Each structure stands twice: as structure tokens, then as C-alpha cells.
Amino acid sequence: MTNIQAEDSALTTALTQVDQAAHHLKLSTGSVEMLKHCKRELTVNFPVRMDSGDVRIFTGYRVHHNTSRGPTKGGIRYSPHVSLDEVRALAMWMTWKCAVVNIPYGGAKGGVLCDPHDLSLRELEGITRRFTTEITMMISPDGDIPAPDMGTNPQVMAWIMDTYSMHKGHSVPAVVTGKPLNIGGSAGRLEATGRGVMFAVREAFRTMNWELQGASVVVQGFGNVGSVTAQTAHEMGCRVIAVSDISGGIYDAEGIDVPKLIEYNRANKSIAGFPGTIPQANGQLLSLPCDVLVPAAMENQLTRTTAPMVQARMVAEGANGPTTPDGDEILRAKNILVLPDIMCNAGGVVASYFEWVQDLQNLFWEESDVTLKLERIMIRSYHDMDDTAKRMNISLRTAALVLGIGRVADAHQTRGLYP
Ligand code: GLU
């Protein structure tokens, strides 16, 4: 992964995007200022006993960006790069994302500064339970509903649900989504982000009259989003020619056998050395000639330094904020179609919404129902965005922001300013 340049912080990107959209929406200065601020921000410092017996202090955040369209929703990430500004940007993107796909939520995000790879399961559980307790005044099934993000998974969600439920004295599955199936999770939630990315890509190909069969796909990141995107691309008949994880990348011009790679990755905890592939440095991966490049790792990957090297026909943003405003400008100048994160990776939060609805109703759906409803929302949202782009003669990214921010501003207007 490339180094983050100071001027390319996620928050700078997010705030620049608000200005871009506000210009087209002709919003008042007051509205723009409100949208640029997060409504509530909590920083917690808390002690956890480590396996060594020592006590270590961890720092975590939970930020609510906007509640105009409903309770707040957004993941919790465990990463050594977490900062309050990063969480603010990610919370803001959740607000626009939920509005673009028209689900009744505002945006939130949380994070704990830690490296989950360096922690034992017991330490992870200790951090999660204590962090949940520390942010308990911020989360609730009708106020703010966390979910997985980078470095967290269904098990972490189970500990959050259990800790919150223990405090309440009864089980509250709807307080968090992305849970394991046996405690109120939804079928198809784990796969939803990656599948959603490919539903968006397929719709873009249809709209452009491009051939998806045999199209070459490069995926940066092989976590939950990257691996399912690669798997779905493979199932749709694409040729996944390169993928990467933190250990580096692998390349096979003929197309990687993705199901075998997923098994290999499960057994080896890394994709490095997958038989029949050529090792590929992470920087090189972004510059491979291909039809679809999917950055599915983290923010700030396509910058003024790396974007000039991109040789893809389309960039489909699986990660949140992988392209900086400068990078975006460069991709646009190169005529590369960019499917923006807030639309392209919204499948996860859409399935989270389905999970929350199921939990509140105590009525559970088949995976095929979840995936079909997800597909419909992704297709509809793609066209809402594409129609806006054509009507206003703007990029898909600006169109998604105009759509999302416009809906939030509208909801605020309808509710009126209190008091
Ligand atoms: N962390 C995911 C995202 O960035 C999912 C959030 C959710 O399901 O609430 O969209």
C-alpha cells in the first residue's frame, strides 16, 4: 500500500467532496457548514489487561455524523491508523452512502487504535467488551447501530451484542449488524459488500455496452470485500488477473482460480505463493492494464502519485475513500470511469439494514431473498446516480454526492430547524 500523504487525509477528501456537491446543489452556507460537521463525537481511553498480565490503555472513537434521515449506522474498525479525523470522514461517507441507496439511516463510524493481528483472541474480546461499555451511551437499536469494518468481523459483533445485552438484562440483537447467523445475523450479509460491488460493475458494463464475459479484473485487498468481489467477478465470467493483500500481490494473465485461492488463503492466512501465479508488488498492481481495477483495501490509494499510472478502463471503489480528489481528477482526465465508493460499496450497509429489519421483526429471510433485494437496490441506485450524472453533465462521483447530500439536505429541510 502506498504511504498516505498528509494533504490527502480522508477528512480533507470528504470535506472537498461536500464543497463539490454543494456547488451543484446551491446549498446555503449554513447547510454546508452543518453537513461538514459531525453531530456527536466521543473519544474514549480505556484499560485492558493483556495476556502478559500488563494493563494497556487503548484509544477508541464513536462518531455520529448526521441523523436527519434516521438512526446512525456504520462500522467499527480496528486498525493502527485510526484517528478521530479518519473516523469523522468515514462517518460522513456513511451518511451519503445510506442516502444514495435510500435506506433510512444517517452515518456513523467508530474505531479502536490497535493492530488486531498482534492481539490474541482473548485480548480482542477484552478490548471489544470494554470499548462497547465505554461507548454504550452512543449505541442502541434505534439510535446508532454499529457493524463490521476493517479489522473487525462477525465474532467481534457477537461480543458487542453480548456486552450490550448483558447490561440491558435481555438480548438485543438489533444493536449491531454483521453478527453470526446463530445469534440474529442475516444470511448473505458477509458476502453483500463484494456482491454489491460486482452488481454495480455489471450495471456499468451494461450501460456502457461493454462485454463483462472475460473482462480482466484486478483487486487490491483480499479481506472480506476484496475476496468476495473477486469470487463474484469469477462467477460472473470475468478473468481475475491479479489480487493483493498486505503481504503483496499475485498475477496470472490467464485468470486466477479464485475459489482455490480463497481455500489457499484460509489455510495459509496469506495469498503469497499461490501456485501458478507470479508475485506482484503492490504498487505495480495498481498500474496493471485491465478492464476493472477494484481498490478494496483502504483510503488514499489512488493519489496524484499513483493515479497517473492506472491503466484500467474502470475503477470500482470497494474501499471507502480509496481515491483522493487529485487522484480523481487525474482518472477523469484519463477517461477512466470511476464507480464511487458511496454507491459501489453500499451493498454491505444495505444488507445490514435487512439484518436490522429482520432482528426487529424476529422474522428471518432466505439468503436468496437478501441477495435479490440487494441486487434490486444496487441496480436502482446505479441508475439514480447515472441519470443524475447525465442530466447534470457531471462525473458519477459528483452525481452520487449530489444525490446523497441532496437527500440529506432535503430531509433536514422537511424536518425544520429545531427549536
Ligand atoms: N463498514 C461497512 C461500510 O463501510 C458497513 C457498515 C454497516 O453495515 O453499517 O459500509
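All residue numbers refer to positions in the sequence shown, counting from 1. Just so it is clear, the values below take in all heavy atoms, side chains as well, and ignore hydrogens, waters and symmetry mates. Both ligands and their constituent atoms are indexed starting at 1 by order of listing. What you are looking at is a predicted structure, and each value in this text was computed from that prediction instead of being measured.
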Chemist: If you apply the rule side-chain hydrogen bond (donor to acceptor under 3.5 Å, both in side chains), what do you find for Thr323 with Gln301, and how did you get there?
Modeler: CA-CA 6 Å; Thr323 310; Gln301 297 305 301; over 6 Å; no
Chemist: Verify the neighbour count for atom CG of Asn393: are there more than 12 heavy atoms of other residues, nucleotides or ligands below 6.0 Å?
Modeler: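 Atom CG in Asn393 is not packed in, count stays at 12 or less.
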Chemist: Flag yes if more than 12 heavy atoms outside Glu366 fall under 6.0 Å of its CD atom; otherwise flag no.
Modeler: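 Counting other residues, nucleotides and ligands, CD of Glu366 stays at 12 neighbours or fewer.
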Chemist: Please determine whether side-chain hydrogen bond (donor to acceptor under 3.5 Å, both in side chains) holds for the pair Asp85 and Ser83, giving the CA-CA distance in whole Å, both sets of side-chain angles, and the decisive distance to 0.1 Å.
Modeler: CA-CA 5 Å; Asp85 272 356; Ser83 68; 5.8 Å; no
Chemist: Would you call Arg129 and Asp162 a salt bridge, using N to O less than 4.0 angstrom?
Modeler: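 A salt bridge links Arg129 with Asp162.
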Chemist: Any chance the rings of Tyr353 and Tyr105 have centres within less than 6.0 Å?
Modeler: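 When the ring centroids of Tyr353 and Tyr105 are compared, they turn out to be within the sub-6.0 Å range.
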Chemist: Are there any N/O pairs under 3.5 Å between ligand 1 and the protein, and if so, what are their distances?
Modeler:
{"from": "ligand 1", "atom 1": "1 (N)", "to": "Pro148", "atom 2": "O", "distance (Å)": "2.9"}
{"from": "ligand 1", "atom 1": "1 (N)", "to": "Asp149", "atom 2": "OD1", "distance (Å)": "2.8"}
{"from": "ligand 1", "atom 1": "4 (O)", "to": "Lys97", "atom 2": "NZ", "distance (Å)": "3.2"}
{"from": "ligand 1", "atom 1": "4 (O)", "to": "Lys109", "atom 2": "NZ", "distance (Å)": "3.0"}
{"from": "ligand 1", "atom 1": "4 (O)", "to": "Asp149", "atom 2": "OD1", "distance (Å)": "3.4"}
{"from": "ligand 1", "atom 1": "4 (O)", "to": "Asn320", "atom 2": "ND2", "distance (Å)": "3.0"}
{"from": "ligand 1", "atom 1": "8 (O)", "to": "Arg189", "atom 2": "NH2", "distance (Å)": "3.1"}
{"from": "ligand 1", "atom 1": "8 (O)", "to": "Ser352", "atom 2": "OG", "distance (Å)": "2.5"}
{"from": "ligand 1", "atom 1": "9 (O)", "to": "Lys73", "atom 2": "NZ", "distance (Å)": "2.9"}
{"from": "ligand 1", "atom 1": "10 (O)", "to": "Lys97", "atom 2": "NZ", "distance (Å)": "2.6"}

